[in-house]
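To start, the structure under review is shown below, and the notes come after it.
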Amino acid sequence: MCGIVGYIGKRDVAPLLLEGLQRLEYRGYDSAGIVITSPKAAGLKMVKAKGRVRDLEARVPKRFTGTTGIAHTRWATHGAPSDINSHPHLDPENKVAVVHNGIVDNAQELRAKLEADGVVFASETDTEVITHLIARSQATSLEEKVREALKVIEGTYGIAVMHADFNDRIVVARNGSPVVLGIGEKEMFVASDVAALIAHTRQVVTLDDGEMATLKADDFRTYTTSGATTTATPETVEWEAASYDMGGHDTYMHKEISEQPDAVDRVLRGRIDDRFSTVHLGGLNLDAREARTIRRIKILGCGTSYHAGLIGAGLIESMARIPADAEPASEFRYRNPVVDPDTLYIAVSQSGETYDVLAAVQELKRKGARVLGVVNVVGSAIAREADGGVYVHAGPEVCVVSTKCFTNTVVAFALLALHLGRIRDLSVTDGKRIIEGLRKLPAQISEILESEEEIKKLAEQYAGAQSMMFIGRVRGYPVALEASLKLKEISYIHAEAYPASELKHGPLALIEPALPTVAIVPNDDLLEKNRAALEEIKARSGRILAVAHQPQEKADHTIVVPKNEDELDPILMGIPLQLFAYHTALAMGRDIDKPRNLAKSVTVE
Ligand code: F6R
């Protein structure tokens, strides 16, 4: 949420930062800005613009040259998207420039104090408070000025600061919002995620909360907000720069949907142990003896990851026979939950940054719970905070709405369920059966993707609907939840998901010819029950699109998907509905990769 990129070195900085902003735009896209300088320059030069990075680019004048700069793409929290509210924020003397991700919780109070001292604010943002505090500090170094300002700030931040009087450096700090340093040859980068750096360097240092850094062209150092030096050993990023390109697709979402066979192959690779019909999960940090003592599993995540967690809980219950459930992390941490020593907590997050999930993990750890992470981004905050976990290896996901990460997360849960199951009561025969099912997934996903044309035609027929109902039972219900979320996020069609069993307890009142229902109808022990729900809808003249293993008589249309093991069917049944949401939104002319009001990586509460 919000993207920061900065550079100090010898290269012409503006094109470099604009390119970095393009790569970060999925983190926020309502306004953007850039400030630059160079060792010989007399001050800071800034351009800001409401809108997308391309709007900013159009405003950058021809002779906008420099070798040091910071830039930002915004997702508004305090103050509407506008030129003036865009970052960077400068002080009235144009000496200090700040870009900020996160929220200053005590901004109102600090603003009132500063205004009482005669400070005039230009914007409505919380960030401008930080700028004025740094500008008014009497300290003699930039590091000390920033440190003094941060002492009075409450809230979350990832900041990068430039100062006209200290133009040989950029000072950065982190508390709750990611800051990654990119280490180059006589040049240094900073960004809110590696997407902006990877075309230039693979060597990165991820700051911890409470850490700061000073970047100079040929040197960097890290230290705590109280001034103590910290050790920072650069790590090599494994993701390829090419993974951030569109690769011939019209949208990232389409590219990411089509990458799923490979992505699933990756999450399975090297983990299956045929000899014992189980899987190896290297980073779990949970031995067999400990695994046997777990009495409950509680999975916490937000949005799509929460839905993946719901499927994960079902997989764990059915394979490992451990009571498991999932809950939105955002709700969990505010209900003063009973933290039970025999419960294993699992935080699930593709970005590994989601504030609500991170805060829940921190609260759990504080209370002594054991927390595992199911995370995509290696080394992200949640991955680092957890006691162990499973990486989902989906590769970078750029589209704001999640597709391949969702699928890989569910597969990662299937691996975890199999692992726990084989330590407990799952037989060798059942272990083998699940492994065979897992191995079939990539080819079966490819088979589903081949029906894209057919799904597109269906989507075009449903694109005029005002609202849609999604139903499923037990394993199918989280699939319905996720499919309805995907549709509403990118098409803006109102969609509701219900357990099919609940229809007659209320939502059946909505059914009429204008409200289509998408029904998840797997060929499992609940097939007849699901068919009964289709009958109920048909009897009220409702239109039905079924996702099933064979054509459904009561449905107007059926998308037929290949059958896997009952436990693994939800993984496949969600995939045609990603394409359905995609083509519905496309038919409606939506901006698919950047849906209105949303941004990826929700690092604020
Ligand atoms: C929806 C979507 C979001 C995220 C949610 C949590 O398509 O992507 O619902 O799943 O914001 O994000 P992560 O998984 O990064 O914790």
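Bear in mind the structure is a predicted one, so any value in this text is a computation, not a measurement. As the structure lists them, so they are numbered: ligands from 1, and atoms in each ligand from 1.
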What protein heavy atom is closest to [atom], reported as residue, atom name and distance in Å?
{"atom": "atom 9 (O) of ligand 1", "value": "Thr304 N, 3.0 Å"}
{"atom": "atom 11 (O) of ligand 1", "value": "Val602 CG2, 4.0 Å"}
{"atom": "atom 6 (C) of ligand 1", "value": "Cys302 O, 3.3 Å"}
{"atom": "atom 16 (O) of ligand 1", "value": "Thr354 OG1, 2.4 Å"}

Between [X] and [Y], a side-chain donor and acceptor under 3.5 Å:
{"X": "Gln350", "Y": "Thr409", "answer": "no"}
{"X": "Tyr355", "Y": "Ser330", "answer": "no"}
{"X": "Glu452", "Y": "His254", "answer": "yes"}
{"X": "Glu482", "Y": "Gln578", "answer": "no"}

I need the atoms of ligand 1 closer than 4.0 Å to a non-hydrogen atom of [X], numbered in the order shown.
{"X": "Ser305", "result": "10 (O), 13 (P), 14 (O)"}
{"X": "Gly303", "result": "9 (O)"}
{"X": "Glu489", "result": "1 (C), 2 (C), 7 (O)"}
{"X": "Ser351", "result": "13 (P), 15 (O), 16 (O)"}

How about Thr251 and Tyr582: do any of their side-chain heavy atoms sit closer than 4.5 Å? yes
Just so I know, are the side chains of Glu385 and Gln362 near enough to count as touching, which here means a heavy-atom distance under 4.5 Å? yes
Quick one: does Val400 get a heavy atom under 4.0 Å from ligand 1? yes
Taking the non-hydrogen atoms of Lys486, is any one of them nearer than 4.0 angstrom to ligand 1? yes
Ring pair (Phe, Tyr, Trp, His ring centres under 6.0 Å) between Phe189 and His200, intermediate numbers included: CA-CA 9 Å; Phe189 299 81; His200 307 289; 5.1 Å; yes
